[in-house]
K.L.:
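Right, I'll just put the structure down here and ask away after.
A note on names: the letters A, B, ... follow the listed sequences, proteins ahead of strands, and every chain is numbered from 1. None of the values given here were measured: they were computed from a predicted structure.
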There are 2 protein chains.
Amino acid sequence: MFNRVTIIGLGLIGGSIGLALRKAGAAKQIAGYDLGRGVSAQASKIGAIDQAYECIADAVRGSDLVILATPVGAVRALLQAIAPVLTPGTVVTDVSSTKSQVINWAEEFLPEHASFVGGHPMAGKEVSGVEVADADLFKDCIYCLTPTVHTNSAAVSKVAALIETLGARVRFLDPAEHDGLVAGISHLPFLVSTALMATVADDPTWGDASLLASSGFRDATRLAAGNPEMYRDICLTNSTAIVRWLDIYISKLSDLRDHITTHDKYINESFAKAQQQRQQWQASHHPDE
Amino acid sequence: MFNRVTIIGLGLIGGSIGLALRKAGAAKQIAGYDLGRGVSAQASKIGAIDQAYECIADAVRGSDLVILATPVGAVRALLQAIAPVLTPGTVVTDVSSTKSQVINWAEEFLPEHASFVGGHPMAGKEVSGVEVADADLFKDCIYCLTPTVHTNSAAVSKVAALIETLGARVRFLDPAEHDGLVAGISHLPFLVSTALMATVADDPTWGDASLLASSGFRDATRLAAGNPEMYRDICLTNSTAIVRWLDIYISKLSDLRDHITTHDKYINESFAKAQQQRQQWQASHHPDE
């Protein structure tokens, strides 16, 4: 299906894409590039890439598909670095968590003869690194694509074919709409989780409290284990949408605080509403868990 | 070990205690009482109790150990109801999530010849009901006991023996200390989770957003599926400690909001600190997950 695919950034996502491509036999050659010490070697070892490159120009040259699988903060410099060596017809896509800013950079830096299609797989783990890469990571996941009116339709088809190979389902969204939605269901939950972890663990009682913390605490704080640099980049590139959600969230919490302070006997009604919302979501989207 | 144990409230916790007692052969007879339609019959059917009672006085009469396994809001009325029929030497314990208020009620209502020992197993599921009861629910969990200077030491030993039968580990705490700690690692995480669920699901974008929400969202909102009445009772009986934690939490979130608004490039440092705290906790307390 692909002659030569280049994956830049060989962490959980990049490594998993490589493994899935190989498993499906969908690329004649998979080239890889990663700045991290020993990461490319490890990716070769587990079969996520066929060949590791130390020079990004060499990695990209001659590829029909280039996948940027780094935190969003690295994408700007990478687009600048690869722009001069892209051959006509090359399709570039990314997997980063915010799309509007990335698309602006692509329009600014990529040559006319290359096409950019913004992408974002709704998959992940709270752990990162090529060590935990998994060919089935994207199976049955939603994979957002955010083409604009300027995006070449053949390029969109090419990335959609990649997504099918990964076993994921394409969902087309406007870039700004995407960024608003994921700010609510992904970036806000991370902030909620990291603030919870900091709140309890910064307290002088944490030594005793940590012994009592159980499965509920574990789940509520799981996202706090996420990659700090990735989430910094997300905050820097999606601040408006995130702050909008944070304001609504803080306001909800403040309401709850007032109801608790005044011993509101009917506070269970708002808990019951959220319980129902959670159960409906779970039943529709994750019925087996 | 016990002649006759009475379990009042046959939900997840009460039902699981019954199953664990039977599995261990630790009680000659297990009596059960529950107000819910069909709940006692179901508990009998799965073997969590030997005999179901419709009258609470009959259920309690002649027991050497009475376990109140209801939401904390029901405990006051239950203590009043059982007080007249308790025989000398009967030990009463509870499993509810807040302890100071319950102990005040026990001191107010129980006769001198009965003993109360407050308890709280740090175990649970986000689903409730006797249908999900499990003899191994308490295995290797921490089980808090909160005796006071007035508590009979033989009674404490009796409840400690029950906990050993369940496969849990006893941890002794002062009642107020207990309430402050669990407010941070259990009640606050619930509020964080229910407010998150409400924030995103009350928004007009939820129809689209719900399709993108994935495993991170699932974990961060899992506690929102908890029993609304149980959490109402918790809020009503532990409001001071909960509001203290909520204030710290809201303040942390507001700080994050300010850093995001001003595009702070070093925001990853606070994420990295929380990540480390989470990883340390996980490694010390849940190394296998």
K.L.:
Using a 4.5 angstrom heavy-atom cutoff, name the option from A224(B), G73(B), S270(B) with the most pairs to chain A.
P.N.:
A224(B)
K.L.:
Measure across H263(B) and S239(A) and return the closest heavy-atom pair with its distance rounded to 0.1 Å.
P.N.:
NE2-OG, 3.1 Å
K.L.:
Can you tell which part of L253(A) gets under 4.5 Å to a heavy atom of chain B, answering side chain, backbone, both or neither?
P.N.:
both
K.L.:
Specify which of L211(A), T240(A), D255(A), L246(A) makes the most heavy-atom pairs with chain B at under 4.5 Å.
P.N.:
L211(A)
K.L.:
How many angstroms lie between atom CZ of R232(A) and atom NE2 of H259(B), to the nearest 0.5 angstrom?
P.N.:
14.5 Å
K.L.:
Not counting sequence neighbours, list each pair that qualifies as a salt bridge (Lys or Arg N to Asp or Glu O under 4.0 Å) and has a residue in residues 173-198 of chain A.
P.N.:
none
K.L.:
With a 4.5 angstrom heavy-atom cut-off, is it the side chain or the backbone of S186(A) that approaches chain B, or both, or neither?
P.N.:
neither
K.L.:
Side chains of Y249(B) and V192(A): does their closest heavy-atom pair fall under 4.5 Å?
P.N.:
yes
K.L.:
Looking only at heavy atoms and a cut-off of under 4.5 Å, which of P189(A), S193(A), A220(A) has the most pairs with chain B?
P.N.:
P189(A)
K.L.:
Supply the atom-to-atom distance L223(B) CG to F271(A) CZ, rounded to the nearest 0.5 angstrom.
P.N.:
12.0 Å
K.L.:
Give the ring-plane orientation class for W206(A) versus W281(B), where under 30° counts as parallel, over 60° as perpendicular and anything between as tilted.
P.N.:
tilted
K.L.:
R278(B) versus R218(A): any side-chain heavy-atom pair under 4.5 Å?
P.N.:
yes
K.L.:
Side chains of D203(B) and R244(A): does their closest heavy-atom pair fall under 4.5 Å?
P.N.:
yes
K.L.:
Looking at K273(A), Q279(A), K265(A), which has the largest count of heavy-atom pairs under 4.5 Å with chain B?
P.N.:
K265(A)
K.L.:
Please look at S254(A) and chain B and tell me whether the side chain, the backbone, both or neither of the residue comes under 4.5 angstrom of a heavy atom of that chain.
P.N.:
both
K.L.:
CE of M197(B) to CD of Q280(A): how many Å apart, nearest 0.5 Å?
P.N.:
8.5 Å
K.L.:
Among the options T205(B), N238(B), T221(B), I267(B), pick out the one with the most heavy-atom pairs lying under 4.5 Å from chain A.
P.N.:
T221(B)
K.L.:
Which atoms of L212(A) are under 4.5 Å from chain B, going by heavy atoms: the side chain, the backbone, both sets, or neither?
P.N.:
both
K.L.:
Closer than 3.5 angstrom, by distance alone: can the side chain of S214(A) be matched with the main-chain N or O of A123(B) as a donor-acceptor pair?
P.N.:
no
K.L.:
Mind ranking L196(A), I142(A), I248(A) by heavy-atom pairs under 4.5 Å with chain B and telling me who comes out on top?
P.N.:
L196(A)
K.L.:
Report the option among A272(B), G184(B), A195(B) that has the most heavy-atom pairs separated by less than 4.5 Å from atoms of chain A.
P.N.:
A195(B)
K.L.:
Which distance, rounded to the nearest 0.5 Å, do you find between the CZ of R171(A) and the CG of D208(B)?
P.N.:
5.5 Å
K.L.:
So for R169(A), is it side chain, backbone, both, or neither that comes closer than 4.5 Å to the heavy atoms of chain B?
P.N.:
neither
K.L.:
Do Q277(A) and D202(B) meet the criterion of a side-chain donor-acceptor pair at a distance under 3.5 Å?
P.N.:
yes
K.L.:
If the condition is side-chain contact (heavy atoms from CB on, under 4.5 Å), which residues does V243(A) pass it with, not counting sequence neighbours?
P.N.:
D247(A), R257(B), I260(B), T261(B)
K.L.:
Identify which of C235(B), G216(B), A201(B), S210(B) forms the greatest number of heavy-atom pairs closer than 4.5 Å to chain A.
P.N.:
S210(B)
K.L.:
Find the distance between OH (Y231(A)) and CG (N268(B)) and round it off to the nearest 0.5 Å.
P.N.:
14.0 Å
K.L.:
Less than 4.5 Å to any heavy atom of chain B: does that hold for the side chain of L173(A), its backbone, both, or neither?
P.N.:
side chain
K.L.:
Does atom CD of E229(A) have more than 12 heavy-atom neighbours, drawn from other residues, nucleotides or ligands, at distances under 6.0 Å?
P.N.:
yes
K.L.:
Working to the nearest 0.5 Å, report the span between CG of L256(A) and OG1 of T194(B).
P.N.:
7.0 Å
K.L.:
Answer with side chain, backbone, both or neither: which region of L236(A) has an atom nearer than 4.5 Å to a non-hydrogen atom of chain B?
P.N.:
both
K.L.:
Specify which of I242(B), I250(B), L188(B), D233(B) makes the most heavy-atom pairs with chain A at under 4.5 Å.
P.N.:
I250(B)
K.L.:
Is it the side chain or the backbone of C141(A) that comes within 4.5 Å of chain B heavy atoms, both, or neither?
P.N.:
neither
